[in-house]
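Written out below as structure tokens is the structure these notes cover.
Note on naming: letters A, B, ... go to the chains in the order of the sequence lines (proteins, then strands), and numbering restarts at 1 for each one.
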Amino acid sequence: MLDIELIRKKPEFLKRRLAERDKELAKLIDKILYIDKERRKTITQIENLRALRNRKSKEIGVLRREGKNTSLLEEEVRKLKEEIEKEEKKLFTLQKEFRSLMLNIPNIPHESVPSGEGEEDNVEVRRWGDPKKVNFKVKPHWEIGERLGILDFKKGATLAGSRFTVLKSAGATLERSLINFMLDFHINRGYKEIIPPHMVRPEILEGTGQLPKFEEDLYKCEKDNLFLIPTAEVPLTNLFRGEILREEDLPIYLTAYTPCYRREAGSHGKDIRGIIRQHQFNKVELVKIVSPENSYEELEKLVRDAEEILRLLKLPYRVVELCAGDLGFSASKTYDIEVWFPSQGKYREVSSCSNCEDFQARRMNTRYRDSSGKIRFVHTLNGSGLAVGRTLAAILENYQRPDGSIEIPEVLRDYVKADTIYPS
RNA sequence: GGAGAGGUGGCCGAGUGGCCGAAGGCGGCCGCUUGCUAAGCGGCAGAGGGUUAAUAGCCCUCCGAGGGUUCGAAUCCCUCCCUCUCCGCCA
């Protein structure tokens, strides 16, 4: 949620910044400004009426104790009450409209974010590692996985439909090993491990920005009014909702492994083969709650932490900075980390690291008291460290050998307890 | 799932219709005193919002959330959420 104070004071600045994302957004600002004016006018009116009512009610109390008749005053207050109720109804409608507008405006891009409309305008920041040169024809990970008997797409479809996959034997072990490897690494870097619920209430998703706008992308358990989490960012970031933290509590570093559940409503036909785009996938997530002064330093460090996993796995990758038009709803600035997929001759996203500044903090009402005693909103950051399934796919593709076997990256061998996956 | 108890400020806890944004304690902050990592004394301190140049005043709201009764609700009624105890079921 944006700061209404800022919208009032610098509407033109905001319109300019938001237009970087989407030209339509500027209109919303004018609409909000109008509603805000109306609602404040109504609030002032109601409060004046209430002040009058409070005074008269108190007077009634005093007169009664003196044993005097108060029926005339009572009648007056009754009339006031009716007037107040009328205005309150008006205010209720205005507030609802106001809130809904506020909740549907995305975050403003940070000034450093490159302008552009979509993926093609993202800016590469750095590259690491050289794609291996091989003298055989590389296979896509789904062929490798099926041949090795570790990825079973047919069974996935039998059990749950398309975009579900069954991992078997060494595939399942490799997935689990990756999770442990990633968690161990991040814990070592000072992140606190969390196992959160995988189902959350609607207001929790509103806190991080998935609701109300993106309900279509979520799985819902209608009967219990709970949603399956699309990422661990949701429960982790909301861990401190409604709290006023002490400055010395910050920064907070959290990590969690969870499955992520996404309906992929808008991506029909995309990445239909393999395990790149699944309805359920595993992810190790990183979340930071920090003070506003250093959130951008923290973002750089967060990216490095995620990158380090790929370096240790010796997988070639690049880091791109998302342009304004490609930015997620809650993010001010985002770096994607993309790993090399030789069969596609492309880098594909395995991590997205964002600084949401105070956008989520406002929605969740997460604040802290700074050294001068002032209460301020925290900044929240999140990043994948990393998407496990995609990392597994990248390993299959980058570590394939001509005989169809897979070399297991060195750092994983103690976890997998093997150095090669052979066809079974 | 059944029966019962309860949710008050950073924490503990009093408060069953007006003088309660809320006693008291602990903790916190500021001062004073004391020859000293303590004790004593005095003082300050909740959150959100409206108005405003104002972090000044004035006003409104907030005692789990939302409704209702009433001239007036932390206090009475209803619904929901959560916590605890007992029973049932269960990995």
Side-chain angles (χ1 to χ4, degrees), chain A residues 1-10 32-103 195-207 211 220-227 235 238-250 252 289 292 358 361-378:
Chain A
M1 199 150 56
L2 298 183
D3 183 4
I4 183 64
E5 222 37 59
L6 187 68
I7 299 178
R8 280 177 203 154
K9 284 183 181 150
K10 296 183 170 178
I32 284 187
L33 245 21
Y34 173 74
I35 302 269
D36 181 49
K37 221 166 122 191
E38 287 300 301
R39 71 177 255 280
R40 282 193 293 165
K41 221 161 61 190
T42 315
I43 286 170
T44 307
Q45 218 169 342
I46 289 175
E47 288 187 350
N48 287 340
L49 288 170
R50 283 212 271 242
L52 193 63
R53 181 200 60 190
N54 290 350
R55 266 202 308 274
K56 296 208 170 182
S57 282
K58 268 200 183 122
E59 211 178 312
I60 290 173
V62 174
L63 291 175
R64 281 230 180 142
R65 240 163 291 135
E66 291 169 2
K68 290 180 180 153
N69 182 291
T70 55
S71 51
L72 234 97
L73 257 182
E74 279 174 38
E75 187 48 39
E76 263 181 69
V77 180
R78 242 190 301 270
K79 279 204 188 111
L80 267 178
K81 193 186 162 188
E82 277 167 31
E83 222 175 313
I84 291 172
E85 273 167 8
K86 210 178 86 201
E87 290 299 308
E88 276 175 342
K89 264 193 201 118
K90 198 164 120 197
L91 180 63
F92 182 81
T93 314
L94 286 167
Q95 296 283 45
K96 218 171 98 187
E97 171 82 7
F98 177 72
R99 203 180 137 69
S100 143
L101 285 168
M102 289 295 282
L103 285 175
I195 297 183
H198 300 171
M199 303 165 99
V200 294
R201 301 173 190 283
E203 62 266 31
I204 302 302
L205 286 148
E206 193 178 280
L211 288 179
K220 184 176 188 186
C221 305
E222 200 69 54
K223 234 178 161 176
D224 303 287
N225 199 23
L226 290 171
F227 291 85
N238 274 282
L239 235 28
F240 304 97
R241 76 191 338 262
E243 288 193 31
I244 299 175
L245 300 162
R246 295 172 309 177
E247 191 167 42
E248 55 269 35
D249 294 334
L250 304 178
I252 295 169
I289 317 279
D358 63 5
R362 281 179 196 284
R363 293 173 159 244
M364 300 183 305
N365 202 21
T366 305
R367 296 166 296 171
Y368 79 105
R369 206 179 294 273
D370 72 12
S371 43
S372 70
K374 205 176 153 206
I375 290 172
R376 307 166 67 194
F377 287 106
V378 297

Item to check | Pairwise P distance, B/A5 and B/C77 [rounded to whole Å] | outcome: 12 Å
Item to check | C1'-based separation of B/C86 from B/G28 [nearest Å] | outcome: 40 Å
Next on the checklist: Taking B/C20 as the reference, what is the distance to B/A73 when you measure between their P atoms (whole Å, please)?
Outcome noted: 16 Å
Checklist entry - When you check the gap from the basic side-chain N to the acidic O, do A/R362 and A/D358 get nearer than 4.0 Å? => result yes
Checklist entry - Does anything in residues 34-49 of chain A reach RNA chain B, meaning a heavy atom under 4.0 Å, and if so which residues? => result A/R40, A/I43, A/T44, A/E47
Next on the checklist: I need the minimum non-hydrogen distance between A/L94 and A/I35, along with the two atoms involved.
Outcome noted: O-CG2, 3.7 Å
Item to check | Student check: side-chain heavy atoms of A/F98 and A/I4 closer than 4.5 Å | outcome: yes
Item to check | Nearest-angstrom distance, C1' atom, B/U70 to B/G17 | outcome: 9 Å
Item to check | 4.5 Å side-chain heavy-atom contact, A/R201 and A/N225 | outcome: no
Checklist entry - Checking A/R363 side chain against A/E206 main chain: does a donor-acceptor pair fall under 3.5 Å? => result yes
Checklist entry - How would you label the contact of A/R8 with the nucleic acid (heavy atoms, under 4.0 Å): base, sugar-phosphate, or nothing? => result sugar-phosphate
Item to check | Closest-nucleotide 5' rank along RNA chain B - winner of A/K9 and A/F92 | outcome: A/K9
Checklist entry - Using a cut-off of 4.0 Å on non-hydrogen atoms, how would the nucleic acid contact of A/R64 be classed: base, sugar-phosphate, or nothing? => result base
Next on the checklist: Please give the distance between the C1' atoms of B/G7 and B/C80 as a whole number of Å.
Outcome noted: 14 Å
Checklist entry - When rounded to the nearest Å, what value does the distance between C1' atoms of B/G15 and B/G35 take? => result 46 Å
Next on the checklist: By the 4.0 Å heavy-atom rule, please label A/I60 as base, sugar-phosphate, or nothing.
Outcome noted: base
Item to check | A/F240 and A/D249, any side-chain heavy atoms less than 4.5 Å apart | outcome: no
Checklist entry - Looking at side-chain heavy atoms only, is the closest gap between A/N238 and A/V200 below 4.5 Å? => result no
Checklist entry - Do NZ/NE/NH1/NH2 and the carboxylate oxygens of A/K41 and A/E38 come within less than 4.0 Å? => result yes
Checklist entry - Expressed as a whole number of Å, how far does the P atom of B/U52 sit from that of B/G40? => result 49 Å
Checklist entry - Do A/N365 and A/R241 touch side chain to side chain, with heavy atoms closer than 4.5 Å? => result no
Extract all donor-acceptor atom pairs below 3.5 Å that involve side chains of residues 63-76 of chain A and protein atoms in other chains or at least two apart in sequence.
{"unit_1": "A/R64", "atom_1": "NH2", "unit_2": "A/E74", "atom_2": "OE2", "d": "2.7"}
{"unit_1": "A/R65", "atom_1": "NH2", "unit_2": "A/G61", "atom_2": "O", "d": "3.4"}
{"unit_1": "A/E66", "atom_1": "OE1", "unit_2": "A/K68", "atom_2": "NZ", "d": "3.1"}
{"unit_1": "A/N69", "atom_1": "OD1", "unit_2": "A/S71", "atom_2": "N", "d": "2.9"}
{"unit_1": "A/N69", "atom_1": "OD1", "unit_2": "A/S71", "atom_2": "OG", "d": "2.8"}
{"unit_1": "A/T70", "atom_1": "OG1", "unit_2": "A/E74", "atom_2": "OE2", "d": "2.9"}
{"unit_1": "A/E75", "atom_1": "OE1", "unit_2": "A/R78", "atom_2": "NE", "d": "3.3"}
{"unit_1": "A/E75", "atom_1": "OE1", "unit_2": "A/R78", "atom_2": "NH2", "d": "3.4"}
{"unit_1": "A/E76", "atom_1": "OE1", "unit_2": "A/K56", "atom_2": "NZ", "d": "2.2"}

Only pairs under 3.5 Å count here: list side-chain donor-acceptor contacts from residues 43-53 of chain A, not counting sequence neighbours, and write none if there are none.
{"unit_1": "A/T44", "atom_1": "OG1", "unit_2": "A/R40", "atom_2": "O", "d": "2.9"}
{"unit_1": "A/N48", "atom_1": "ND2", "unit_2": "A/T44", "atom_2": "O", "d": "3.4"}
{"unit_1": "A/R50", "atom_1": "NH1", "unit_2": "A/E88", "atom_2": "OE2", "d": "2.7"}

Checklist outcome for this item: Nearest-nucleotide check on RNA chain B, A/R201 vs A/L52; residue mapping nearer the 5' end is A/L52
Next on the checklist: Between A/L239 and A/I252, is there a side-chain heavy-atom distance shorter than 4.5 Å?
Outcome noted: no
Item to check | Check: A/D224 and A/M199 side chains under 4.5 Å, non-hydrogen atoms | outcome: no
Checklist outcome for this item: Min and max contacting nt of RNA chain B in 5' to 3' order, chain A heavy atoms within under 4.0 angstrom, are B/G18 to B/C82
Next on the checklist: In dot-bracket form, 5' to 3', how is RNA chain B paired? Count Watson-Crick and G-U wobble pairs only if both distances fall under 3.5 Å, and write | where the partner sits on another strand.
Outcome noted: ((((((((.[[[..)..(.....]]].(((((.......))))).((((((.....)))))).[[[[[..)....]]]]])))))))....
Item to check | Members of residues 76-89 of chain A that approach RNA chain B, where some heavy atom sits under 4.0 Å away | outcome: A/V77, A/R78, A/K81
Checklist entry - Is there side-chain contact between A/V77 and A/I60, with at least one heavy-atom pair below 4.5 Å? => result yes
Checklist entry - On a whole-Å scale, what distance lies between the P atoms belonging to B/A45 and B/A23? => result 12 Å
